[in-house]
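Below is one structure, written out as structure tokens, with a few remarks after it.
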Amino acid sequence: MLTRRFIKMIETRADKVAKLWLKEVRQSKYTPTYHHFPEELLFERAMAVYERLGYWLSPETQKEEIRHFYMNLGQRRFQEGFRLEEVLMALILLKRYLWLEVLSEGLTQTNLELYQALELNNQVVLYFDRAIYYTTQGYMEALEAARAVNQ
């Protein structure tokens, strides 16, 4: 199945895709806090998503697990001093560089391959939509908890 082949390709090229993402996130005007954050740590974070893409997109992976992972991510980014919009842009860029790598492979020659690529795109979009939602939820909970402590 082509969808599985796309996922395997991303997982095996995670290093390359993570480096492209890292370069962008370290230079983008939309992610200034990332410019000063340790490069190695940022790279590891991108790799954690790309290397486990098949797992995250698997029908066996429970939404609750994704929710837990990204709520924690949102809370940690708040504690690390990132602004919410920067964290969301970093997630959007993770999705963008993943998809650019899939497109660069040129595996969408036939109608069936194009359909399977669109199917993968739908899965990836849904996954990142959930990631963005739960990251925001976790970030906002951490922000509210910090405000409550400071009152």
Describe, in one word, how the ring planes of Y34 and F82 are oriented to each other, choosing from parallel (under 30°), tilted (30 to 60°) and perpendicular (over 60°). tilted

Joint hydrophobic cluster, L126 plus L53, side-chain heavy atoms closer than 4.5 Å: no

Donor-acceptor contact present, side-chain W21 to main-chain A90, <3.5 Å: yes

Report the distance from atom CZ of R83 to atom CG of L88, rounding to the nearest 0.5 Å. 11.5 Å

Non-hydrogen atoms of L143 and F78 that approach each other most closely: CD1-CE1, 3.5 Å

For the aromatic rings, using the six-membered ring if either is Trp, is the centroid distance between W56 and F69 under 6.0 Å? yes

In terms of hydrophobic clustering (I, L, V, M, F, W, Y; side-chain heavy atoms under 4.5 Å; direct or indirect links), are L93 and L41 co-clustered? yes

Checking side-chain contact (heavy atoms from CB on, under 4.5 Å) for the pair Y97/V25: CA distance, chi angles, key distance, verdict? CA-CA 11 Å; Y97 279 96; V25 84; over 6 Å; no

Can you see which heavy atom on E101 is nearest to which on K16, and at what distance? OE1-NZ, 3.2 Å

Nearest-0.5 Å distance that lies between atom CG in L57 and atom CD1 in I66: 8.0 Å

Spell out, as yes or no, whether a donor-acceptor pair under 3.5 Å connects the side chain of S58 to the backbone of G54. no

Show your working on side-chain contact (heavy atoms from CB on, under 4.5 Å) between R130 and R67 and close with a plain yes or no. CA-CA 7 Å; R130 286 181 177 143; R67 184 182 85 70; over 6 Å; no

CZ/F37: more than 12 non-hydrogen atoms of other groups inside 6.0 Å: yes

Shared ILVMFWY cluster between M47 and Y55, side chains joined below 4.5 angstrom? yes

T31 to E86 - nearest heavy-atom pair and separation: C-OE1, 3.2 Å

I'd like to know if the side chain of H35 reaches the main chain of S28, judged simply by a donor and an acceptor atom lying under 3.5 Å from each other, with no hydrogens or angles considered. yes

Search all heavy atoms of A14 against all heavy atoms of Y50 and return the closest pair with its distance. CB-CB, 3.6 Å

Tell me, do M140 and L84 make a side-chain contact under 4.5 Å, heavy atoms counted? yes

OG1 of T12 to CD of E51, rounded to nearest 0.5 Å, is 10.5 Å

Going hydrophobic residue to hydrophobic residue with side-chain gaps under 4.5 angstrom, can you get from I92 over to L20? yes

Point-to-point distance, once rounded to the nearest 0.5 Å, from CD of E24 to CD of Q27: 7.0 Å

Between L42 and R26, does a side-chain contact (heavy atoms from CB on, under 4.5 Å) hold up when you go through it step by step? CA-CA 9 Å; L42 292 174; R26 302 268 300 166; 3.6 Å; yes

Output the distance between atom CG (L120) and atom OH (Y127), rounded to the nearest 0.5 Å. 13.0 Å

Is there a path of hydrophobic side-chain contacts, each under 4.5 Å between heavy atoms of I/L/V/M/F/W/Y residues, joining Y70 to V125? no

Evaluate whether atom CD of Q62 has more than 12 neighbouring non-hydrogen atoms of other residues, nucleotides or ligands under 6.0 angstrom away. no

To the nearest 0.5 Å, what is the distance between CG on L91 and OH on Y133? 15.0 Å

Between R147 and E144 (salt bridge meaning N to carboxylate O under 4.0 Å), is one present in this structure? no

